Amino acid sequence: MNIILLGPPGAGKGTQSRRLVEERGMVQLSTGDMLREARASGSELGRKVAEVMDRGDLVTDDIVIGLIEEKLKEGAEGGFIFDGFPRTLAQADALDALLGRLGQKLDAVIELGVDDEALVERISGRYTCADCGEVYHDTTRPTREEGVCDVCGGTNFRRRADDNPESLRQRLMEYYKKTSPLIGYYHAKGLLHRVDGMKPVEEVAAEIDRILDEVAQG
Ligand code: ADP
Ligand code: AMP
């Protein structure tokens, strides 16, 4: 099953993706993670996108479509979770075409709805384990033992350069202008499922599970 998790920055897409990878053997494709990896490796692509990302703007469609195309070719037995992609109508059309070429399709689009004020709270408290990528929050989901990752025992943590109020404002603008039209696009295709992303992580997870089980049963 191939699904998209759609929602503004901080909605919980990464958090829910990691659980689905763990529990359903799906493969998470996060274009944000791929771009951050490119930056960390010091590649030409990484250098090209750094400033755009720090400002909170979207990188060009060609770049992210190219990244996704590479990963799709590798295949995924449990299916793909698209996290942070597509973000424009052009990207959505490209994804359709790429999946079609591989004889695959999209099975569901899950929109996580979260209020803007809550997004600011979530983004300003977000940190991740530098070793395994587990996502935490200063107040709502701190590590059980201070400074030690619950999952891998790692002791290095990261905060994103773009998780600041200015970049977040721009990222939200980009979301409402360029990404939110995808809600109508996928609704028209009969693929859209809305989930209240304001609820606690476990309740959001249970609702996503319910939807995926229903979709799997046809
Ligand atoms: P996204 O991938 O959509 O940008 P993340 O999964 O990284 O969002 O979550 C952003 C922040 O919000 C993280 O610090 C995470 O721990 C926290 N978070 C995620 N889901 C919830 C939730 N349902 N309730 C409260 N906090 C959450
Ligand atoms: P994310 O990790 O999804 O919050 O993405 C972080 C940043 O990477 C965004 O603010 C954009 O600059 C860039 N980015 C990630 N995915 C895409 C995409 N699908 N299209 C354009 N830019 C993207």
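Keep in mind that this is a model prediction, so the values were computed, not measured. In listed order, ligands and their atoms are each counted from 1.
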Handout entry: Salt-bridge criterion met for R55 and E174 (N-O under 4.0 Å)
Key =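 No.
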Problem - From L95, L106, L29, residue fulfilling side chain to side chain contact (heavy atoms under 4.5 Å, CB included) relative to F80 - result: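 That would be L29.
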With a cut-off of 4.0 Å, which atoms of ligand 2 are near a heavy atom of [X]?
X   : value
R36 : 2 (O), 6 (C)
Q91 : 18 (C), 19 (N), 20 (N), 21 (C)
G84 : 16 (N), 17 (C), 18 (C), 19 (N)

Heavy-atom contacts with [X] under 4.0 Å: which atoms of ligand 1 show up? List them by number with element.
X    : value
P200 : 23 (N)
T140 : 26 (N)
G14  : 1 (P), 2 (O), 6 (O)
G197 : 23 (N)

Exercise for the section: Please state which part of V64 comes within less than 4.0 Å of ligand 2, counting heavy atoms only: side chain, backbone, both or neither. Expected result: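 It is the side chain that gets close, since no backbone atom is under 4.0 Å.
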Taking [atom] as the point of reference, which of [options] owns the nearest heavy atom?
atom                    : options          : result
atom 9 (C) of ligand 2  : R87, R171, E174  : R87
atom 15 (C) of ligand 1 : V201, T15, L5    : T15
atom 24 (N) of ligand 1 : R141, E203, R122 : R122
atom 4 (O) of ligand 2  : K13, R160, K178  : R160

Practice task
Determine whether any heavy atom of Q16 lies closer than 4.0 Å to an atom of ligand 1.
Solution key: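 Under 4.0 Å: no for Q16.
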Practice task
Please say whether D162 places an N or O atom under 3.5 Å from an N or O atom belonging to ligand 2.
Solution key: no
Exercise for the section: Report yes if some N/O of V59 lies less than 3.5 Å from some N/O of ligand 2; otherwise report no. Expected result: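 Yes; the residue has a nitrogen or oxygen that sits under 3.5 Å from a nitrogen or oxygen of the ligand.
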Counting heavy atoms not belonging to [X], are there more than 12 under 6.0 Å from its [atom1]?
X    : atom1 : value
Q104 : CD    : yes
E166 : CD    : no
R158 : CZ    : no

Exercise for the section: Consider every N or O of G10 and every N or O of ligand 1, then say whether any pair is closer than 3.5 Å. Expected result: yes
Handout entry: Residue, atom name and distance, where the atom is the protein heavy atom closest to atom 11 (C) of ligand 2
Key =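 Going atom by atom, the protein heavy atom closest to atom 11 (C) of ligand 2 ends up being D57 O, 3.4 Å.
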